[in-house]
Amino acid sequence: MPQNIEIKAKLPNLRVFEHIHSQLNLKTKSKGTHILQRDTFFHSSKGILKLREQQGKSKSGGTLIFYEKPADLDSKQCHYIKSPVQDPYSMKEILSKTMLLRGEVTKTRLVYLVGQVHVRLDKVEELGYYLELEVVMKANQSREEGIGLAESLLIELKVDSSWLQTHAYM
């Protein structure tokens, strides 16, 4: 199963969101990739299962995602499996009829790539502003190296440790 290092922070307000957005624009010399997403979460006996529907310039469609992540701030490692879904509407209907629905999250996402770190800035309807860093680990890379890459960027973006989250949106 592929693995990554993932860190999520709930940003306190729009001003902080816009400041980080501005810093990333300067650092990457881009305005980021703009994507509209809806994640539908389903109850699972193990880990988290969600169906992601998205629309954007470079990517539209759906992805079924299963991941396991320990619920503590120290363990940033995440194991996941993704599968493309050609017809997310039908897949959502099937899953909704066979599994219990946990909820849905709709967001506007800005995506940047800073070296090996995928940076996502999210405006989540009814929940607020979020930052997510994901280091997709290389085969020979240590967990500590991946955490170091993410934490260095957190420091550079001036993300307060009190903003860090251990869980997905629900």
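Predicted model only: the values in this text are computed from it and were never measured.
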Evaluation steps, salt bridge (charged side-chain N to carboxylate O under 4.0 Å, His left out), between E104 and K92:
CA-CA 11 Å; E104 285 189 344; K92 184 175 177 179; 2.5 Å; yes
Where do L157 and K27 land on the side chain to side chain contact (heavy atoms under 4.5 Å, CB included) test, with the steps shown first?
CA-CA 10 Å; L157 295 174; K27 184 168 187 62; 5.7 Å; no
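Residues L131 and W163 form no side-chain contact, since every pair of their non-hydrogen atoms from C-beta on lies 4.5 Å or further apart. R120 has its side chain out of reach of Y130: every pair of non-hydrogen atoms, C-beta onward, lies at least 4.5 Å apart. Contact of the T40 side chain with the L101 side chain is registered, since non-hydrogen atoms from C-beta on lie closer than 4.5 Å. V117 places none of its side-chain heavy atoms less than 4.5 Å from the side chain of I5. Two residues are said to be in side-chain contact when any heavy atoms from C-beta on lie closer than 4.5 Å; L49 and M99 meet this criterion. Annotation: side chain of I20 is in contact with side chain of V159 (closest heavy-atom distance under 4.5 Å).
A donor-acceptor contact shorter than 3.5 Å links the side chain of N13 to the backbone of R15.
The two residues Q23 and E156 make their nearest non-hydrogen contact at NE2-O, 3.5 Å. Between Q116 and V135, the shortest heavy-atom distance links the atoms NE2-CG1, 3.6 Å.
Atoms CZ and OG1, from R38 and T106 in turn, are 5.5 Å apart once rounded to the nearest 0.5 Å. For the atom pair CD of E93 and CG of D87, the computed distance is 9.5 Å after rounding to the nearest 0.5 Å. Note that OG of S44 and CD1 of I48 are 9.0 Å apart. Values are rounded to the nearest 0.5 Å.
By the 30° and 60° cut-offs, the orientation of the rings of Y112 relative to H21 is perpendicular.
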